[in-house]
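Notes follow the structure.
Residue numbers begin at 1 in each chain, while the letters A, B, ... track the order of the sequences.
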Protein chains: 2
Amino acid sequence: MKLGIPHGEVEAFACPVTFTVEVIGGKWKSLILYHLMSGTRRFNELRRLMPEVTQRMLTLQLRELEADNVIARKVYREVPPKVEYSLTPLGLTLAPLISAMRDWGATHEHTILAYRENPKSDNSTDK
Amino acid sequence: MKLGIPHGEVEAFACPVTFTVEVIGGKWKSLILYHLMSGTRRFNELRRLMPEVTQRMLTLQLRELEADNVIARKVYREVPPKVEYSLTPLGLTLAPLISAMRDWGATHEHTILAYRENPKSDNSTDK
DNA sequence: CTGAATCCCGTAGGATACTG
DNA sequence: CAGTATCCTACGGGATTCAG
């Protein structure tokens, strides 16, 4: 995910939070990392785990994660081809974060979905 | 951030991770939450804390967070107007997550930026 | 001061087809 | 099997102006 930082500039980000968002902030990156937390996965394995992601987007996001050294891509020169993706040591350090995201979502998903359906209308207290 | 779920459908997401991404996955949402963790902030206060965010985007993302009951918006009917944003109890539960993002970024930012400049070229081990 | 309203654009992301 | 290669569109996001 590109931010407003000039290309090729090794410049400190305004805030570390912003940097983290840049690394795992893609639409599918967190989910990819989550599925890799349980072990090495082949390309089509990931596709099956995430049916909503198109093949193209999966490839792109995998490449971005690879470019940040968060995941490793290992190609087996066989027929048929085989490619395995796994977390790098750096990627492993993200595991607690991804787990926290999963836990938070599991805990509050229901409440938030309900709130969206029926938001509080009692702003009257302010008036 | 919209995902491929039909509007108005209170349907469980494929994975809680995806849901969390939807809530805090906007380009600036995590950063907004981070700044609200240190206390209530006025609109222009947030603008000053995040100069790269345009006024329009700040407003939009604040509204989305509000719609998910993650932040609260309190309007003081004065002249000049005054609006305060703060974390709701639900938003507070995100604090550990945001902190973890900040810590991770602070810890690994340098390494990753360096890696981007000079990625490993020794894929030769596989061949 | 805190927005809303417009206008505009780049690109993230989707659908589909083709390939080593 | 694991991708490219195109094509296309929606929306994220910027700049500017107007308003209560």
- [ ] Measure from the side chain of B:Gln55, starting at C-beta and using heavy atoms only, and say which of D:dG14, D:dT17, D:dG3 lies closest.
- [x] D:dT17
Task: Side-chain donor/acceptor contact of B:Arg56 with base of C:dG3 under 3.5 Å - done: no
Task: Distance, rounded to the nearest Å, where B:Leu60 contributes CG and C:dA4 contributes P - done: 8 Å
Task: Closest to the A:Thr59 side chain, choosing from D:dT4, C:dG3, D:dG13 - done: D:dT4
TODO: Using a strict cut-off of less than 4.0 Å between a Lys/Arg side-chain nitrogen and an Asp/Glu carboxylate oxygen, indicate whether A:Arg48 and A:Glu45 qualify as a salt bridge.
DONE: no
Task: Proximal nucleotide (of C:dG3, D:dG14, C:dG13) relative to the B:Thr54 side chain - done: D:dG14
TODO: May I have the distance from B:Met57 (atom CE) to C:dT11 (atom C1'), rounded to whole angstrom?
DONE: 14 Å
Open item on the list: Please classify the nucleic acid contact of B:Glu78 as base, sugar-phosphate, or nothing, using heavy-atom distances under 4.0 Å.
Closed with: nothing
Open item on the list: Under 4.0 Å, counting only non-hydrogen atoms across every strand here, what does B:Arg47 touch: a base, just sugar-phosphate, or nothing?
Closed with: nothing
TODO: Ignoring the backbone of B:Asn44, work out which of D:dG3, C:dC1, C:dG13 is nearest its side chain.
DONE: C:dC1
TODO: Examine C:dA12: is either OP1 or OP2 under 4.0 Å from a nitrogen or oxygen in the side chain of B:Lys27? Give yes or no.
DONE: no
Task: Heavy-atom closest contact (B:Thr88 atom, B:Asn69 atom, distance) - done: OG1-O, 2.6 Å
Task: Side chain of B:Arg42 - closest among C:dG14, D:dG13, C:dT2 - done: C:dT2
Open item on the list: Distance check needed: D:dG12 P versus B:Arg63 CZ, whole Å only.
Closed with: 16 Å
Task: ILVMFWY network linking A:Tyr76 to A:Leu36, side-chain heavy atoms under 4.5 angstrom - done: no
Open item on the list: Does D:dG20 have its OP1 or OP2 closer than 4.0 Å to a side-chain nitrogen or oxygen of B:Arg77?
Closed with: no
Task: Length of the line joining A:Leu58:CG and D:dG3:P, which is rounded to integer Å - done: 8 Å
TODO: Tell me which of A:Gln61 and A:Pro81 sits closer to the 5' end of DNA chain C, going by the nucleotide each one is nearest to.
DONE: A:Gln61
Open item on the list: If I take atom CD in residue B:Glu66 and atom C1' in nucleotide C:dT2, what distance separates them, rounded to the nearest angstrom?
Closed with: 13 Å
TODO: Would you indicate what B:Tyr85 reaches in the nucleic acid, counting non-hydrogen atoms under 4.0 angstrom: base, sugar-phosphate, or nothing?
DONE: sugar-phosphate
Task: Given D:dG20, C:dG13, D:dG3, the nucleotide with the shortest approach to the side chain of A:Phe43 - done: D:dG3
Open item on the list: Side chains of B:Tyr85 and B:Arg41: any donor to acceptor distance under 3.5 Å?
Closed with: no
TODO: Measure across A:Val21 and B:Lys27 and return the closest heavy-atom pair with its distance rounded to 0.1 Å.
DONE: CG1-O, 4.2 Å
